Visitor: 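Have a look at this one before I ask anything.
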Amino acid sequence: MARPYEPASLEQKWQKRWKEEQQHKTREDHAKPKFYCLEQFPYPSGRLHMGHMRVYSIGDIIARLKRMKGYQVLHPMGWDAFGLPAENAAVKYGAAPSKWTYENIAYMKQQLERVGFSFDWSREVTTCSPEYYKWTQWLFLTFYERGLAYRKKASVNWCPECSTVLANEQVIDGLCWRCDSEVTKKDLEQWFFRITDYAERLLKDLDNLPGWPEKVRTMQRNWIGKSEGANITFTIPELDDEPVNVFTTRPDTLYGVTYMVLAPEHPLVPRLIEGKPQAAEVRDFMERMKKESDIARTSADAEKVGYFTGAYAKHPLTGDQIPIWVANYVLLDYGTGAVMGVPAHDERDFAFARKYNLPIKAVINPLDENFLVEEIGVDSPYTDDGTLIHSGPFDGLPNREAIKAIADHLQKLGKGGPAVSYRLRDWLVSRQRYWGAPIPIIYCDNCGIVPVPKDQLPVLLPEDVVIDGKRNPLTTSESFVSTTCPACGGKARRETDTMDTFIDSSWYYLRYTDAANDQLPFDKEKVDKWLQVDEYIGGVEHAILHLLYSRFFTKVLYDAGMLSYEEPFRSLLTQGMVLKDGAKMSKSKGNVVSPDEMIEKYGADTVRLFILFAAPPERDLDWTDTGVEGSHRFLHRVWRFVEGNAALFKGDVPAPRPDQSAAAKELYRMTHFATKKVTEDIGERYTFNTAISTIMEMVNKMYAYPEDADRGTLAFAIERLLLLMAPITPHIAEELWEMIGKTESVHKQSWPDYDPAALVQDEVEIVIQINGKVRDKLIVPNGLSKDELAALVADHERTKALVQDKTVRKVIAVPGKLVNLVVG
RNA sequence: GCCGGUGUGGCGGAACUGGCAGACGCGCUUGACUCAAAAUCAAGUUCUCGCAAGGGAGUGGGGGUUCGAGUCCCUUCACCGGCACCA
């Protein structure tokens with residue numbers, strides 16, 4: 001009586017047993033090589049979605065393989081548990097954010113266990129627990145001690161919907177990354193991390209990350225946005241030669257400057273316009289610019305608007321009078337907030353000069369002799385290379401050389417010099433929200449800003465707060481706000497902002513290495529043992545945000561001597577989205593497929609198999625019901641075959657005798673080939689889809705295996721099949737492994753090797769080509785040399801017929817592959 | 001505009017090092033089993049001409065290198081993503 005495949009009961013049976021045996025606990029064994037396999041930890045939103053299923057399926061297949069290959073594997077899991085949804089839930093349902101969060105964690109943890117992911121839960125990390133955020137605060141203070149955390153008043157991004165400020169990285173196309181509302185500007189005093197100090201290292205070290213996708217490295221390079229050029233100091237005679245710096249990437253065009261433009265918010269503007277007839281309209285313009293959002297103002301097709309201030313600057317080399325303008329297209333926080341205008345050689349300057357009738361002066365002579373210098377500035381600016389003209393002592397110099405020559409010359413004169421500018425801004429880390437780690441800072445009227453002493457951490461989140469989505473909740477807790485100054489003992493008040501949740505997730509991968517440490521965030525020896533993360537798997541939506549911040553954190557902690565690596569993630573795998581009907585799953589589209597329902601219907605193994613089989617990991621995956629059915633069908637097929645042949649394993653199992661028949665030899669070869677292919681595809685190439693397709697081919701061969709062929713070879717193939725399936729579909733592999741009489745878990749077995757000799761075929765099919773076109777195929781003994789092959793083909797009747805009376809000019813023979821006859 | 005990525009059957013995808021394009025799966029067609037259906041097993045399935053044997057075309061388009069190109073080079077188009085009045 002055949003026993004049917006019943007995933008629901010057998011999966012729970014094994015999950016229970018694995019848990020009892022603590023099978024997924026990290027075994028620290030210094031004799032073995034280590035492997036740190038990490039997937040981005042989830043936000044406890046309530047339910048797992050298919051995106052979660054995908055990341056964790058990918059991580060689990062890798063971790064399970066590495067364990068079987070004899071590595072000590074760190075494969076931890078935790079919760080990115082601070083954040084706004086918990087607060088929104090508090091406003092909506094009146095539940096405390098902590099209650100909401102911990103209930104979600106409990107539910108999602110149970111879901112993850114139901115899929116059979118091999119996480120080491122003994123190292124579980126929850127960022128909203130005081131045991132964790134104590135160290136987040138500790139690290140904030142470390143940053144503060146190192147001068148990397150500072151407070152300043154600035155025009156910052158403000159999300160009215162979330163009632164909080166946002167970092168630049170969290171503003172996507174002018175909208176809030178969380179809620180998509182339009183972000184406005186506000187002048188506020190806020191905490192920043194000095195990530196710009198690390199701009200150059202963050203940029204340069206991207207070159208040392210060959211294991212990262214080019215796409216992600218490019219995105220980070222673009223975000224950091226390095227420009228090389230020069231700072232040039234103009235002076236303003238009417239303000240006692242007050243200096244004003246401009247940044248330019250084209251110092252070679254310095255002699256072509258015909259005007260200068262300042263950002264409307266530039267601090268010099270009020271002094272420049274004082275007493276001038278233009279003062280009123282410039283002031284009016286400045287007011288208008290203040291109100292306009294950044295996107296509207298800086299979009300490429302926005303009209304360029306400018307006003308003459310009435311003031312002039314002095315050119316640093318020629319001494320010419322340069323009119324000073326203000327315009328919407330100049331931004332205060334990029335470069336120096338001031339630019340020089342060279343309309344002859346810059347598209348934007350040209351358009352501006354045309355509009356306001358400013359002079360255009362050509363200083364680069366095109367190398368193209370057909371291009372007349374006189375044409376410059378007539379219809380369009382000339383922005384390519386050339387030699388300098390009208391540039392005093394630099395005339396005749398190729399402009400590329402002039403860039404350096406002029407910058408160096410200015411430096412000698414003390415009027416500027418080579419300079420680099422980055423697009424990257426400092427990281428705004430304070431949030432006017434409740435559900436985050438409190439910033440451990442105290443304000444004292446006598447002592448000013450006083451950090452909370454590290455031995456007084458954690459600064460606990462108070463519970464007597466009002467969360468109404470309107471006020472900063474911590475300001476409503478009197479018991480929290482009023483405190484004493486750690487320095488002078490006088491009355492003081494606490495900082496009421498909390499930290500950006502991206503700080504929590506910037507170091508969680510370090511905490512996993514030493515999750516229970518109550519003396520330090522982590523022990524140096526332990527973190528050094530496990531770092532770097534060997535494979536980090538997550539969504540590309542964090543390409544800039546989380547991945548840049550984590551790199552920054554690692555570098556700062558490296559500088560602080562807390563760890564020995566400057567880069568946290570050796571290799572990065574960015575998995576694609578899970579789509580349904582060509583669109584991202586979303587409630588509003590009504591195309592959400594629930595993992596719970598799928599597991600209920602087919603079992604976790606089927607869901608894992610389908611996710612890994614349907615597409616390579618980096619690509620988007622289209623969820624199809626028929627595809628899932630197919631994966632489920634395959635597991636049934638495996639089950640039936642193994643179950644139907646389980647009797648083979650009663651008593652003494654015969655040894656494989658592949659020499660008994662061609663069929664036996666072929667199955668034996670296939671088994672070794674599959675071992676090789678699956679090992680490489682899962683362990684090195686991360687193409688799980690092709691690993692699975694090879695296993696399917698192997699099963700097809702097993703079905704076609706003759707009844708009377710060698711049983712030992714078949715037994716060998718069955719045993720091997722289960723080992724190869726173990727990382728992919730761990731439950732069914734375990735159950736069938738037990739069924740064939742094994743007493744120790746399949747997951748504790750050593751990953752099988754393959755025998756290269758077994759891969760060699762006696763006979764191979766070669767292709768006969770005439771002039772590169774396939775004309776015939778021929779079975780020949782393996783291992784023939786080029787000459788033997790050519791001779792054999794020359795003798796082949798059909799080849800003779802094809803060649804007929806034509807001359808064979810050349811014969812190309814590739815052993816084991818083909819023979820190509822060039823005839824004519 | 002700059003940078004990066006992707007283009008292969010009806011669909012998801014394979015071809016890793018220049019060597020039989022379309023593995024594996026989905027879908028579809030046919031057969032076996034069945035009173036029948038489902039399930040299962042077996043065969044077929046790029047397009048096109050042909051009864052067939054056998055031709056021809058074919059990896060977004062055009063060109064090139066090579067005995068041989070999905071793969072390398074040049075060029076061009078489309079789509080996706082990042083940056084963008086960034087000085």
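Bear in mind the structure is a predicted one, so any value in this text is a computation, not a measurement. Residue numbers start from 1 in every chain, and the chains themselves are labelled A, B, ... in the order their sequence lines are given, proteins ahead of strands.
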Visitor: For A:Gly630, which contact category applies under a 4.0 Å heavy-atom criterion: base, sugar-phosphate, or nothing?
Guide: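 Sugar-phosphate, no base atom in range.
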Visitor: To the nearest Å, give me how far apart CZ (A:Arg619) and P (B:G13) are.
Guide: 5 Å
Visitor: Give a yes or no on whether A:Lys786 atom NZ has more than 12 heavy-atom contacts from other residues, nucleotides or ligands under 6.0 Å away.
Guide: no
Visitor: Checking contacts here: which listed nucleotide (B:C85, B:G13, B:A14) is nearest the side-chain heavy atoms of A:Leu331?
Guide: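 For A:Leu331, the side-chain atoms sit closest to B:C85.
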Visitor: Can you check whether A:Arg640 has a side-chain N or O nearer than 4.0 Å to OP1 or OP2 of B:C41?
Guide: yes
Visitor: Flag the pair A:Val593 / A:Met585 as yes when at least one side-chain heavy-atom distance between them is below 4.5 Å, and no otherwise.
Guide: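 A:Val593 reaches A:Met585 side chain to side chain.
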Visitor: Would you say the base of B:C67 and the side-chain of A:Asn820 have a donor-acceptor pair closer than 3.5 Å?
Guide: yes
Visitor: Once you round it to whole Å, what is the distance between P of B:G81 and CH2 of A:Trp212?
Guide: 21 Å
Visitor: If you take atom types as modelled and just measure distance, does the side chain of A:Lys777 reach the base of B:C20 with a donor-acceptor pair under 3.5 Å?
Guide: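 Indeed there is one.
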Visitor: Taking the side chain of A:Val339 as heavy atoms from C-beta outward, which of B:A87, B:C24, B:G13 is closest to it?
Guide: B:A87
Visitor: Please give the distance between the P atoms of B:U17 and B:A52 as a whole number of Å.
Guide: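 The answer is 40 Å between these two P atoms.
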Visitor: Atom CG of A:Asp620 and atom P of B:G12: how far apart are they, to the nearest Å?
Guide: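 A:Asp620 atom CG is separated from B:G12 atom P by 12 Å.
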Visitor: Flag the pair A:Lys676 / A:His672 as yes when at least one side-chain heavy-atom distance between them is below 4.5 Å, and no otherwise.
Guide: no
Visitor: Mapping A:Lys215 and A:Val774 onto RNA chain B by nearest heavy atom, which one lands closer to the 5' end?
Guide: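 Looking at the nearest nucleotide for each, A:Lys215 comes out on the 5' side.
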Visitor: To the nearest Å, how far apart are A:Met696 CE and B:G13 C1'?
Guide: 12 Å
Visitor: Pairing check on B:G50: which nucleotide meets the Watson-Crick or G-U wobble criteria with it, both distances under 3.5 Å?
Guide: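 Check on B:G50: unpaired, no WC or wobble geometry under 3.5 Å.
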Visitor: Provide, to the nearest angstrom, the distance between the NZ atom belonging to A:Lys304 and the C1' atom belonging to B:C86.
Guide: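 These atoms are roughly 13 Å apart.
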Visitor: Centroid-to-centroid, A:Phe688 to A:Phe613, below 6.0 Å?
Guide: no
Visitor: When you measure from the centre of the six-membered ring of A:Tyr5, is the NZ or CZ of A:Arg640 under 6.0 Å away and within 45° of the axis?
Guide: no
Visitor: Is there side-chain contact between A:Leu667 and A:Met702, with heavy atoms separated by less than 4.5 Å?
Guide: yes
Visitor: Could you tell me how far B:U30 sits from B:C20 if I compare only their C1' atoms? Round to whole Å.
Guide: 27 Å
Visitor: Rounded off to whole Å, could you give me the CG-to-C1' distance for the A:Leu818 and B:A69 pair?
Guide: 13 Å
Visitor: Choose from B:C67, B:C83, B:C86 the nucleotide whose nearest atom is closest to any side-chain atom of A:Arg348.
Guide: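 Taking heavy atoms from C-beta onward, the closest nucleotide is B:C86.
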Visitor: Could you state the CE-C1' distance from A:Met219 to B:C80, rounded to the nearest angstrom?
Guide: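 Whole-Å distance recorded here is 12 Å.
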Visitor: Closest approach to the side chain of A:Ile544, judged atom by atom: which nucleotide of B:C85, B:C20, B:G82 is it?
Guide: B:G82
Visitor: For nucleotides B:G44 and B:A23, find the distance between their P atoms and express it as a whole number of Å.
Guide: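 Roughly 12 Å separates the two P atoms.
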Visitor: Roughly how many Å is it from CD in A:Glu214 to P in B:U6, rounded to a whole number?
Guide: 10 Å
